[in-house]
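As structure tokens, the structure follows; a few thoughts come after it.
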There are 2 protein chains.
Amino acid sequence: MSRADALSPARLKDAAPLFAALGDATRLGLLVSLCAGGPLTVTRLSGQFAVSRQAITKHLDVLAEAGLVTSSRQGRERIWTFEPKRLEDAHHYLERLSREWDVALGRLKAFVET
Amino acid sequence: MSRADALSPARLKDAAPLFAALGDATRLGLLVSLCAGGPLTVTRLSGQFAVSRQAITKHLDVLAEAGLVTSSRQGRERIWTFEPKRLEDAHHYLERLSREWDVALGRLKAFVET
DNA sequence: AAGAAATGCAACAAAATGGTTGCATCAATC
DNA sequence: GATTGATGCAACCATTTTGTTGCATTTCTT
């Protein structure tokens with residue numbers, strides 16, 4: 001991957017669903033719970049929120065789709081685990097945007113001084 | 001602000017709309033354009049996307065609501081400008097989540113070694 | 001003053017989102 | 001084997017989001 005295509009349309013379509021998954025207070029709360037409290041079941045997680053277990057399941061599905069959590073079946077329960085890799089992706093994307101901005105400011109400065 | 005409440009419910013409700021605004025490919029594209037190409041008008045911006053000018057206006061309104069862009073009227077046109085500050089907020093939030101995760105891993109390691 | 005360019009505003013439609021309830025299924029325990 | 005606990009699945013509903021079109025308004029230009 002070159003620096004040049006770091007903000008290409010293709011990458012936008014990759015980053016957008018990731019940010020969209022982060023764009024909900026309940027889902028952020030789920031991530032915090034899974035971060036701090038380790039892997040948990042849906043039933044356990046839904047006890048911490050004001051919505052039904054089924055609603056939490058849907059949120060977890062969204063997070064899983066975005067790659068922010070994974071799950072595995074253990075007996076009669078399903079364990080959900082935080083996945084830090086994709087958080088890095090979001091992090092990097094924001095950094096690239098910031099850098100692009102700085103570069104643009106640099107160009108502007110150079111132009112003004114000419 | 002203490003480290004302890006860095007991921008409090010109050011902060012979730014602040015961070016969620018910010019990520020939600022970033023969670024759309026068209027809006028990310030708009031930010032990239034405003035980053036790289038400097039302040040632009042709606043008409044100019046909408047030339048780069050496959051949707052109508054009015055749709056772009058709505059996207060810009062969403063970005064403005066999240067504090068990611070600002071606008072000012074100049075004669076008959078309105079100029080939209082990228083606002084890097086809120087990007088920092090998103091950046092910091094992701095960092096706090098990562099740190100929380102690292103702390104949890106540390107606790108786990110200490111527990112296993114006991 | 002007239003026309004063109006840029007934006008603003010409103011009504012509308014389609015699709016996605018976030019939530020519910022009810023019931024079925026699967027696994028553990030007594 | 002009957003019961004309980006955890007999950008899965010489906011239908012349904014309300015709201016929000018994302019887009020459209022049409023028209024009005026404002027401002028520049030000739």
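Per chain, numbering begins at 1; letters A, B, ... match sequence-line order. The shown structure was predicted, so the numbers you read here are calculated from the model rather than taken from an experiment.
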Expressed as a whole number of angstroms, how long is the span from [X]:[atom1] to [N]:[atom2]?
X: B:Arg76; N: D:dT27; atom1: CZ; atom2: P; answer: 11 Å
X: A:Phe49; N: C:dG19; atom1: CZ; atom2: C1'; answer: 15 Å
X: B:Arg73; N: D:dC28; atom1: CZ; atom2: C1'; answer: 12 Å
X: A:Gln74; N: D:dA6; atom1: CD; atom2: C1'; answer: 13 Å
X: B:Phe19; N: D:dT17; atom1: CZ; atom2: P; answer: 18 Å
X: A:Glu77; N: C:dA28; atom1: CD; atom2: P; answer: 9 Å
X: A:Leu30; N: C:dG19; atom1: CG; atom2: C1'; answer: 14 Å
X: A:Asp24; N: D:dT17; atom1: CG; atom2: C1'; answer: 14 Å

Any N/O donor-acceptor pair, A:Arg53 side-chain to D:dG8 base, under 3.5 Å | yes

Side-chain donor or acceptor of A:Gln54 under 3.5 Å from a matching atom on the base of C:dG22?
->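 Indeed, a donor on one side and an acceptor on the other fall under 3.5 Å apart.
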
Going by heavy atoms in the side chains, are A:Leu40 and A:Phe82 under 4.5 Å from each other?
->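 No, their side chains stay 4.5 Å or more apart.
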
May I ask you to test the A:Gln48-A:Ser33 pair for a side-chain heavy-atom distance under 4.5 Å?
-> yes

Closest nucleotide among C:dC9, D:dT18, C:dT20 to the A:Ser52 side chain = C:dT20

Parallel, tilted or perpendicular for B:Phe19 and A:Phe19, by the 30°/60° rule?
->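 Plane angle under 30°, so parallel.
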
Select from B:Trp80 and A:Ala50 the residue whose nearest nucleotide in DNA chain C is closer to the 5' end of that strand.
->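 Final value for this comparison: B:Trp80.
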
Which side-chain N or O atoms in residues 59-69 of chain B pair as donor and acceptor under 3.5 Å with protein atoms at least two apart or in another chain?
{"residue": "B:His59", "atom": "ND1", "partner": "B:Arg27", "partner atom": "NH1", "Å": "3.1"}

What are the residues of residues 55-72 of chain A, sorted by number, that bring a heavy atom to within less than 4.0 Å of DNA chain C?
->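 Result for residues 55-72 of chain A: A:Ala55, A:Lys58, A:His59, sorted by number.
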
B:Leu18 vs B:Asp89, side-chain contact (heavy atoms from CB on, under 4.5 Å): CA-CA, chis, key distance, verdict = CA-CA 9 Å; B:Leu18 180 53; B:Asp89 293 344; 3.9 Å; yes

Heavy-atom count around A:Arg44 CZ within 6.0 Å, excluding the residue itself: above 12?
->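 No.
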
Please determine if a side-chain N or O atom of B:Arg78 lies less than 4.0 Å away from the OP1 or OP2 oxygen of C:dG8.
->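 True: B:Arg78 side-chain N/O within range (under 4.0 Å) of C:dG8 OP1/OP2.
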
Residues 70-80 of chain A, side-chain donor-acceptor partners within the protein, below 3.5 Å, at least two apart:
{"residue": "A:Thr70", "atom": "OG1", "partner": "A:Glu83", "partner atom": "OE1", "Å": "3.3"}
{"residue": "A:Ser71", "atom": "OG", "partner": "A:Arg78", "partner atom": "NH1", "Å": "2.9"}

Which part of the nucleic acid does B:Arg27 contact within heavy-atom distance under 4.0 Å: base, sugar-phosphate only, or nothing?
->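 Answer is sugar-phosphate: B:Arg27 comes under 4.0 Å of backbone atoms only.
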
